[in-house]
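Each remark here refers to the structure printed beneath this line.
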Amino acid sequence: MAEVPEVETIVRDLREVLVGREILAAEVLLAAALRFPEPGEFSARIAGRVVLGAERRAKHILMPLSGDLTLAIHFMLWGTLLLVPAGHRHPPETLIVFQLDGEQELLFLDKLGYARAALGTQDEIVERLDLDLLGPDALDPSFDADLLARQLGKRRGALKPVLLNQRVLAGLGNRDADESMWLAGIDPHRTPASLDRDQIERLHDAICQVLEEGLALRGTQADLFGRPGRAKHRRNVFERTGQPCPRCGTPIAHLRLGGRNTHYCPQCQT
DNA sequence: CGCTACCTGGGT
DNA sequence: ACCCAGGTAGCG
């Protein structure tokens with residue numbers, strides 16, 4: 001559920017409504033939802049901080065706070081953030097409740113419980129989450145076909161797992177990787193080294209198109225305010241196993257590649 | 001690289 | 001009753 005269009009949608013919402021707001025208190029309902037520090041220290045250190053911004057690094061959300069602290073959040077598979085009026089009962093999947101000024105609460109939710117938050121100085125966050133090992137971001141304006149060629153050049157094995165590796169390119173999740181390779185007409189088994197210049201360019205264009213369209217439709221899930229995204233049904237191959245390829249009518253194939261569900265057209269992706 | 005663990009809700 | 005999940009870390 002949480003790929004880059006979904007994460008970026010939430011980040012933009014956070015930037016719009018949370019900057020300048022104070023976190024009055026935080027209540028950790030699931031201790032495992034914290035990478036660090038321990039719940040007591042987390043709550044003690046975050047209380048009274050003002051949110052200075054919100055940005056995305058790969059699928060991490062980073063919120064710099066007053067007092068040289070940064071709150072980092074990762075949704076993993078099913079996590080999200082929801083802004084609600086204070087004083088209501090929290091849904092059972094609530095991991096952390098942030099009480100904000102203005103009688104509002106920011107809920108960190110995850111029905112699966114894999115999502116994680118961390119709090120530390122900016123250096124600590126970068127160091128402990130290995131943020132400087134991340135590859136270039138696919139939504140950054142500087143991402144072009146040359147950069148994609150350079151990043152892919154270092155890697156061996158099948159294209160799909162390489163595209164999912166955030167240290168190669170930050171920005172693709174399982175759905176968007178499958179959709180990008182379909183749009184580019186490239187078989188997910190191909191090795192990066194076997195792609196010619198034209199295919200690299202098509203892949204670059206496809207990645208940009210998939211991410212930008214998903215973002216323009218505000219993703220597939222609820223935004224910070226609980227409003228649903230409109231990208232839910234824009235799928236050509238992902239989870240369409242056996243249904244006709246929109247381009248050539250061949251049934252979409254499904255297999256596992258790099259341990260992940262993979263969907264593609266065996267006819268027109270070569 | 002491939003595999004496993006994480007661990008709950010919703011789909012089949 | 002089962003099986004699976006759009007992500008990542010950690011292991012061999």
Side-chain angles (χ1 to χ4, degrees), chain A residues 1-10 29-36 56-62 72-81 90-95 108-118 125 127-135 137-138 152 154-182 188-193 207 210-211 213-215 217-223 228-242 252 254-264:
Chain A
M1 218 116 192
E3 298 194 28
V4 159
E6 287 76 23
V7 176
E8 180 67 22
T9 295
I10 296 272
L29 303 182
L30 181 71
L34 282 182
R35 290 185 62 152
F36 57 86
R56 181 183 57 79
R57 283 266 190 42
K59 296 162 195 159
H60 296 272
I61 296 174
L62 302 180
I73 284 179
H74 198 294
F75 289 160
M76 298 299 277
L77 291 180
W78 301 104
T80 193
L81 288 169
H90 308 126
E93 65 268 30
T94 307
L95 308 177
F108 182 29
L109 307 172
D110 182 12
K111 63 182 186 182
L112 187 46
Y114 289 178
R116 294 291 180 263
I125 294 290
E127 166 88 14
R128 296 187 61 179
L129 303 188
D130 282 336
L131 297 185
D132 42 13
L133 298 183
L134 292 170
D137 196 282
L152 291 181
K154 308 168 188 166
R155 299 293 173 152
R156 293 190 288 165
L159 176 62
K160 159 116 185 209
V162 172
L163 286 179
L164 288 179
N165 186 338
Q166 304 298 300
R167 296 180 181 193
V168 175
L169 179 68
L172 286 178
N174 202 30
R175 173 199 66 212
D176 292 339
D178 282 3
E179 293 297 331
S180 295
M181 288 182 291
W182 178 84
H189 300 92
R190 290 285 296 276
T191 60
I207 290 168
V210 165
L211 293 179
E213 281 185 10
L215 184 54
L217 295 170
R218 298 184 59 78
T220 57
Q221 66 173 11
D223 64 15
R230 290 170 281 118
K232 197 162 266 177
H233 304 295
R234 303 194 95 270
R235 291 174 180 185
N236 292 301
V237 286
F238 189 73
E239 291 179 340
R240 290 192 69 249
T241 310
I252 298 302
H254 169 268
L255 55 95
R256 287 185 84 83
L257 199 48
R260 310 300 302 281
N261 285 318
T262 300
H263 315 76
Y264 75 111

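Hydrogens, waters and symmetry mates are skipped; everything else that's a heavy atom, side chains included, is used. Below, chains carry the letters A, B, ... as their sequence lines are ordered, and counting in each starts from 1.
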* **Spacing of the P atoms in C:dT8 and B:dG9 (rounded, Å)** => 22 Å
* In a check of side-chain contact (heavy atoms from CB on, under 4.5 Å) between A:Leu172 and each of A:Leu163, A:Val4, A:Asn165, which one passes? -> A:Leu163
* Asked: Hey, is the side chain of A:His74 poking within less than 4.0 Å of OP1 or OP2 on C:dT8, counting only N and O atoms?
  -> yes
* Hey, is A:Tyr114 doing a stacking thing with B:dC6, by the 5.5 Å centroid and 30° angle criteria? ->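 It does: the two rings, one from A:Tyr114 and one from B:dC6, meet the stacking criterion.
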* **Counterpart residues, side chain to side chain contact (heavy atoms under 4.5 Å, CB included), relative to A:Asp130 (two or more places apart)** => A:Leu133, A:Arg167
* Considering residues at least two apart in sequence or located in another chain, which fulfil the side chain to side chain contact (heavy atoms under 4.5 Å, CB included) criterion with A:Arg234? ->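 Residues passing side chain to side chain contact (heavy atoms under 4.5 Å, CB included) with A:Arg234: A:Glu213, A:Leu217.
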Tell me which nucleotide among [options] gets nearest to the side chain of [X].
X: A:Gln166; options: B:dT8, C:dG6, C:dT8; answer: C:dT8
X: A:Pro161; options: B:dC1, C:dT8, C:dG6; answer: B:dC1
X: A:Leu112; options: B:dG9, C:dA9, B:dC7; answer: B:dC7

* **Exercise: identify the closest heavy-atom pair between A:Ala138 and A:Ile207** =>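 Reported closest heavy-atom pair: CB-CG2, 3.9 Å.
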* Asked: Quick one: on DNA chain C, does A:Leu164 or A:Arg256 contact a more 5' nucleotide (nearest heavy atom)?
  -> A:Arg256
* Using both pair distances under 3.5 Å as the test, note the stems of at least 3 consecutive Watson-Crick or G-U pairs that include DNA chain B. => B:1-6 with C:7-12, B:8-12 with C:1-5
* Asked: Are the side chain of A:Glu179 and the backbone N or O of A:Asn236 linked by a donor-acceptor pair below 3.5 Å?
  ->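 Side chain of A:Glu179 to backbone of A:Asn236, a donor-acceptor pair under 3.5 Å: yes, one is there.
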* **A:Arg35 side chain vs A:Ala32 backbone, donor-acceptor pair below 3.5 Å** =>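 Not at all, since once roles are kept as given, no pair shorter than 3.5 Å links the two residues.
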